[in-house]
There are 2 protein chains.
Amino acid sequence: MDITSDTHSQHISRQFNQELEELKTHLMAMGGLVEQQIQEAVSALLDGDSRLAERVRDNDKAVNDMQLKIDDECTRVLARRQPAASDLRLVLAVIRATSDLERIGDEASKIARNALALIESSQNAKGMVEVRHISEHVRKMLRDALTAFARFDIELALEVVREDDSVDSEYASAMRSLMTFMMEDPRSISSVLSVMWILRALERIGDHADNLAEYVVYLVKGLDIRHVDPEKLDEAAIKRQD
Amino acid sequence: MDITSDTHSQHISRQFNQELEELKTHLMAMGGLVEQQIQEAVSALLDGDSRLAERVRDNDKAVNDMQLKIDDECTRVLARRQPAASDLRLVLAVIRATSDLERIGDEASKIARNALALIESSQNAKGMVEVRHISEHVRKMLRDALTAFARFDIELALEVVREDDSVDSEYASAMRSLMTFMMEDPRSISSVLSVMWILRALERIGDHADNLAEYVVYLVKGLDIRHVDPEKLDEAAIKRQD
């Protein structure tokens, strides 16, 4: 190979790497936006701020637009660069990740809509301690999953996968106490149901963060650990694998 | 190009087409399985058949395994064949579709778990007429979306997209009457909640069928109509586009 074509191919490969970096950057931006959506939806609820809740609900369009844009970039990269091996896995992981982030955006907007209903009913809503707690938990999971993605950090990704079980049990326990409360005070049924939908949305956000973490393992190790029971995950083996 | 290499490239392209056909066939098989899961979960509920409900719950693993297998085939096709244009869109549409089918499988298994809770409580559950009706509606949507995918049928796909709005309003009306019922008879709270989760799962299945139909439009026309308000879809323009 002569020097010119070598320089040329280096140029191509530099451009390609840059495109892959941009995919990751855009995914992180989308992740940042949906994390903010969750945070603001929950703040709107806890502070009774209906204007903020409306803003979150209306902002969902921006999340959707980001998904379309990033997916389109991924398709272009696949068509033009025909990536293989770990580059291909990165592009596929980004496509899967945008789908989960978009659904997290939907859940944030559901939280905002239920917050609006609760604010309008001006009832003293039960379960706010649980909502705050679980929302902080799943936001941390989401942040960690995104960091793990950006840094190709398997250890952190596996931590997120483990966390999801504890969110699920916090959720189940919160739902049980809300149901008891509903039975004791049937006048609260409508507002307690809104809180239940909010908790459900938060629990789903935890599931999506868990999915994101699984894509990191796929991305880095080429192992598909979706649908593997976290307790059966042989973490040592995953970390060893090359 | 000499005859030998021409024959060779025809051979390659025939093999490639066959691989793409197989992807579609496997996707249809997965779709058939999840449709059966929905149907059996609802039958188990309506007939109080706890053994059937347990089978549906346990069968979810088979759905998950199919997703992993098909996704793996897609990755291989991308890596080896480096498809472009409509072939690339087909592979990407299949990857997206397996994710929705897998989530439909999850929802069917949620229906089965709630059916088990209802059967055990042996309460006379309200809302069964609505469950039956909405389940038939979303199963039809799912079947039509899969047929549209198999035949690249845009008209049928757009019909599914339109149907989703009417499922959403049937769902909202069923939820309102269940809430009223709960308020009138607080002893029913626990069982009505189970029925509400079942309706919610059915409504989500409608959303996933809607997604599948949107992938068909992407697949055939290269247009991404996710997040477009169905009322604003210019169907004539979509059908004209080449």
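All chains are named by letter (A, B, ...) in the order of the sequence lines, taking the proteins before the strands, and each is independently numbered beginning at 1.
Interface remark: A:D100 contributes side-chain atoms only to the contact with chain B (heavy atom separation under 4.5 Å). Contact annotation for A:A84: neither backbone nor side-chain heavy atoms come within less than 4.5 Å of a heavy atom of chain B. Residue contact with chain A, scored on non-hydrogen atoms closer than 4.5 Å, involves the backbone and the side chain of B:L78 alike. In this structure, chain B has a heavy atom under 4.5 Å from the side chain of A:R103, while its backbone stays farther away. Proximity to chain A is absent for every atom of B:R187, based on heavy atoms less than 4.5 angstrom apart. Heavy atoms of A:D87 lying under 4.5 Å from chain B are absent altogether. In this structure, chain B has no heavy atom under 4.5 Å from any part of A:R89. For A:R200, the part lying under 4.5 angstrom from a heavy atom of chain B is the side chain only.
Between chain A and the options B:D60, B:T75, B:I95, heavy-atom pairs under 4.5 Å are most frequent for B:T75. Interface summary for chain A: among B:I189, B:D224, B:D72, the most heavy-atom pairs under 4.5 angstrom belong to B:I189.
Note that B:R226 lies outside the cation-pi zone of B:Y215, set by a 6.0 Å cut-off to the ring centre and a 45° limit from the axis.
In this structure, the side chain of A:Q37 engages the main chain of A:V56 through a donor-acceptor pair within 3.5 Å. Under a 3.5 Å cut-off, the side chain of A:S135 and the backbone N or O of A:V131 do form a donor-acceptor pair.
In this structure, the side chains of A:L178 and A:L199 come closer than 4.5 Å at one or more pairs of heavy atoms.
Here the closest non-hydrogen pair linking B:M183 and A:S190 is CE-CB, 3.7 Å.
Atom NZ of B:K24 has more than 12 neighbouring heavy atoms from other residues, nucleotides or ligands inside a 6.0 Å radius. Under a cut-off of 6.0 angstrom, the local environment of CZ in B:R55 is sparse, with at most 12 non-hydrogen atoms contributed by other residues, nucleotides or ligands.
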